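One structure is given below, encoded as structure tokens.
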Number of protein chains: 2
Amino acid sequence: MDLISGARAFVAVARRQSFSAAARDEQTTQPVISRRVAGLEAQLGGALLERNTRQVRLTALGTALLEHVQALLGAERSLVDAAASHHRGTVRLLVPRDLDPARWAALRLRARGAGTDLDIEEAGRELRTLRFRLGEADAAVLPVETARADWVVPLGLAQVTDRRRPLSLGALRPTRALGPKAASNLLVLAEDASGQLLSALRESAAASGLAAHQVHESPSVVSALAGALAGDDWILCTREQASAWRLQWFEVPELALTRAYRLELRTPDGRQLFNPALRRDIAAALGANREEQP
Amino acid sequence: MDLISGARAFVAVARRQSFSAAARDEQTTQPVISRRVAGLEAQLGGALLERNTRQVRLTALGTALLEHVQALLGAERSLVDAAASHHRGTVRLLVPRDLDPARWAALRLRARGAGTDLDIEEAGRELRTLRFRLGEADAAVLPVETARADWVVPLGLAQVTDRRRPLSLGALRPTRALGPKAASNLLVLAEDASGQLLSALRESAAASGLAAHQVHESPSVVSALAGALAGDDWILCTREQASAWRLQWFEVPELALTRAYRLELRTPDGRQLFNPALRRDIAAALGANREEQP
DNA sequence: CCCAGTTACGGGGCTCGTAAAAATA
DNA sequence: TATTTTTACGAGCCCCGTAACTGGG
């Protein structure tokens with residue numbers, strides 16, 4: 001019995017809660033699904049599904065193993081995808097979310113001009129690191145400590161405001177007149193919400209007299225923008241992001257926070273593809289002024 | 001053609017650089033290996049191996065895909081292992097390295113007394129997190145921020161010394177009499193070598209007048225102990241580790257560094273296994289004084 | 001010419017789809 | 001009883017091992 005066929009059948013049945021529906025999904029007949037699942041169960045030494053004629057449910061073993069089986073199918077998909085992309089000469093690059101798509105499109109165009117199909121995919125910080133490690137991409141722009149960075153992007157605070165003077169953290173202090181409801185929050189985007197940055201930020205905030213709850217992670221750009229467009233909250237972001245979102249951006253010297261990125265490559269032969277011109281495009285997309293000198 | 005059979009054959013040939021040797025390893029005949037590799041190559045759309053009658057070498061595609069194929073086999077192994085351990089009622093726990101093995105043995109014994117076979121495996125900080133996420137263990141003692149921690153272990157500095165007075169960082173300042181060669185180094189073990197801790201430590205060290213190069217990561221406990229036993233270097237470690245290694249341990253108030261751990265569980269039904277008694281054993285193994293109150 | 005990998009070939013096992021049986025609400 | 005899964009069964013395919021073939025050093 002083919003383990004992978006069994007795995008596909010099992011996952012399909014678990015998803016649809018039905019052998020018949022799974023058979024339709026898998027383009028085969030229902031007895032085949034039944035036998036494949038039975039074969040997988042035999043190999044794993046126990047029932048994965050509890051079948052009544054009315055409903056199908058996962059057993060304890062099935063619950064425990066479902067994600068392992070999905071991981072196996074993920075590894076298979078990853079292998080086949082890698083082979084296909086190698087065949088097409090495609091290089092898969094993982095980049096941060098919430099940056100200017102046009103910049104990434106420009107990067108893709110320049111790579112195509114150099115004869116390479118660069119497949120750019122946006123992903124969150126954690127997922128980018130994980131997926132690159134799992135081999136689902138050939139290259140990734142990953143957060144690193146400043147010393148190892150290829151690009152360093154300064155962060156500031158952005159809001160819709162008519163303020164002209166420089167901004168300092170103290171200006172976000174809650175005032176009695178406004179009341180606790182109207183306190184300005186300092187919103188950290190998912191891309192920056194690492195423990196290290198958050199703790200550093202909370203420390204600076206506390207030193208400037210801000211309350212602990214004023215600094216918090218924003219679940220999405222949309223929710224963050226809601227507060228910033230209303231003139232209530234301040235978003236921690238780059239100058240380019242603020243500009244794209246039509247916000248005023250202020251450097252805050254007390255913060256001195258940055259995003260530090262490095263281009264990580266799976267194989268060393270990607271070095272020739274990512275030449276200085278492409279790296280400048282990446283810098284532009286990230287909002288970095290210049291490339292770091294290693 | 002079975003993808004996994006092909007994968008096993010390919011990896012075996014790549015390892016042994018020979019179809020015949022791979023056939024012996026895989027307990028089958030050489031033509032079978034040949035066909036399985038050919039089948040995998042057909043599925044992936046290109047040659048993985050370059051065969052001369054004298055030598056076998058990886059092609060570019062083979063090089064690019066080898067680790068993906070190994071990942072696939074790893075996922076299969078992981079699935080089968082998880083099924084087997086579930087069947088035996090085994091719970092697999094990943095714990096930090098370089099702690100007292102006897103403490104972990106005591107934990108294992110207590111779990112066995114409660115009717116559970118607890119399979120304890122030591123692994124480095126990064127690998128522990130990665131392997132737990134990949135589902136290669138049911139539970140893991142992972143580093144987290146202090147606020148979420150189940151256990152917090154204070155760190156101090158240890159060395160062979162006859163010093164009786166309290167230690168301060170300034171005592172490690174290089175003196176002209178000793179010369180640059182004889183400067184005391186502050187060694188950080190792999191378990192603590194996170195960017196966050198290292199940067200905090202370097203900052204404290206600089207504030208006490210230490211040179212930047214005096215703080216560095218130690219590749220292994222053995223190499224760290226060589227310096228500490230000679231009375232030259234100071235190891236950053238817990239009181240229990242210092243005691244096991246026959247070193248004198250000093251709390252350094254200027255540092256206030258800790259290891260903060262949390263027991264992460266794959267399935268919520270592990271909560272009843274890891275009762276307060278087992279958690280106390282884990283605390284003892286980690287060198288924590290007491291369990292944190294969440 | 002030798003050695004290692006590939007191809008040929010007959011046998012057997014395994015999986016397939018159709019159809020009938022079984023099981024449960 | 002009705003619906004869904006399992007089992008039965010013949011057909012065909014695919015994989016296996018043995019043995020002959022091929023090709024490079």
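Because only heavy atoms are used, hydrogens play no part in the values below, and waters and symmetry mates are left out as well, while side chains stay in. Proteins get letters first, then strands, A, B, ... in listed order; numbering begins at 1 in each. Model, not experiment: these values are computed from the prediction.
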Point to revise | Positive for salt bridge (charged side-chain N to carboxylate O under 4.0 Å, His left out) with Arg92(B), one of Asp81(B), Asp119(B), Asp138(B), Asp117(B) | key: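 Of the listed options, the one satisfying the test is Asp138(B).
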Exercise for review: Determine, for Phe132(A) and Arg266(A), whether the Lys NZ or Arg CZ falls below 6.0 Å from the six-membered ring centre while staying within 45 degrees of the axis.
Suggested key: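 The answer is yes; both the distance and angle limits are met.
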Exercise for review: Kindly say whether, by distance alone, the side chain of Arg35(A) makes a donor-acceptor pair under 3.5 Å with the base of dG17(C)?
Suggested key: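 Result: at least one qualifying N/O pair found.
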Practice item. Could you check Thr90(A) against Arg88(A) for side chain to side chain donor-acceptor pair (under 3.5 Å), going step by step and ending with a plain yes or no? Key: CA-CA 5 Å; Thr90(A) 301; Arg88(A) 289 193 310 267; 3.3 Å; yes
Check your understanding: For atom CZ of Arg148(A), is the number of surrounding heavy atoms from other residues, nucleotides or ligands below 6.0 Å larger than 12?
Key ->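 Enclosed: over 12 neighbouring heavy atoms sit under 6.0 Å from CZ of Arg148(A).
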Identify which nucleotide among [options] has an atom closest to any side-chain atom of [X], counting heavy atoms from C-beta outward.
X	options	value
Phe19(B)	dT6(C), dG17(C), dT5(D)	dT6(C)
Ser20(B)	dA4(C), dT7(D), dT5(D)	dA4(C)
Val32(A)	dT5(D), dT6(C), dC16(C)	dC16(C)
Pro31(B)	dT5(D), dG17(C), dT7(C)	dT7(C)
Gln30(A)	dC16(D), dT5(D), dG17(C)	dT5(D)

Check your understanding: Taking side chain as C-beta onward, heavy atoms only, is Leu58(B) less than 4.5 Å from Leu48(B)?
Key ->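 No; the side chains remain at least 4.5 Å from each other.
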Point to revise | Any Val37(B) side-chain heavy atom under 4.5 Å of Val13(B) side chain | key: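 Yes, their side chains come closer than 4.5 Å.
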From [atom1] of [X] over to [atom2] of [N], roughly how many Å is that when rounded to an integer?
X	N	atom1	atom2	result
Asp2(A)	dC15(D)	CG	P	10 Å
Ile33(A)	dT18(C)	CD1	C1'	16 Å
Glu50(A)	dT6(D)	CD	P	13 Å
Arg8(A)	dT15(C)	CZ	C1'	15 Å
Arg24(B)	dG5(C)	CZ	P	9 Å
Arg57(A)	dT24(C)	CZ	P	14 Å
Leu3(A)	dT15(C)	CG	C1'	16 Å
Glu41(A)	dT5(D)	CD	C1'	12 Å

Practice item. Could you walk me through whether Asp281(B) and Arg103(B) pass the salt bridge (Lys or Arg N to Asp or Glu O under 4.0 Å) test, one step at a time? Key: CA-CA 7 Å; Asp281(B) 282 350; Arg103(B) 298 286 198 177; over 6 Å; no
**Study point:** Angle of first-five versus last-five pair axes in the helix from dC1(C)-dG25(D) to dA25(C)-dT1(D), to 10 degrees
**Key:**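 Answer for the end axes of this duplex: 30°.
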May I ask you to evaluate whether [X] reaches the phosphate of [N], defined as a side-chain N or O under 4.0 Å from OP1 or OP2?
X	N	answer
Thr29(B)	dG17(D)	yes
Arg36(B)	dC16(D)	yes
Ser34(A)	dT5(D)	no

**Study point:** Salt-bridge criterion met for Arg8(B) and Glu76(B) (N-O under 4.0 Å)
**Key:**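 Salt bridge between Arg8(B) and Glu76(B), a charged N being under 4.0 Å from a carboxylate O: yes.
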Point to revise | Residue whose nearest DNA chain C nucleotide is more 5′ - Ser18(B) or Thr28(A) | key: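 Counting from the 5' end, the first nearest nucleotide belongs to Ser18(B).
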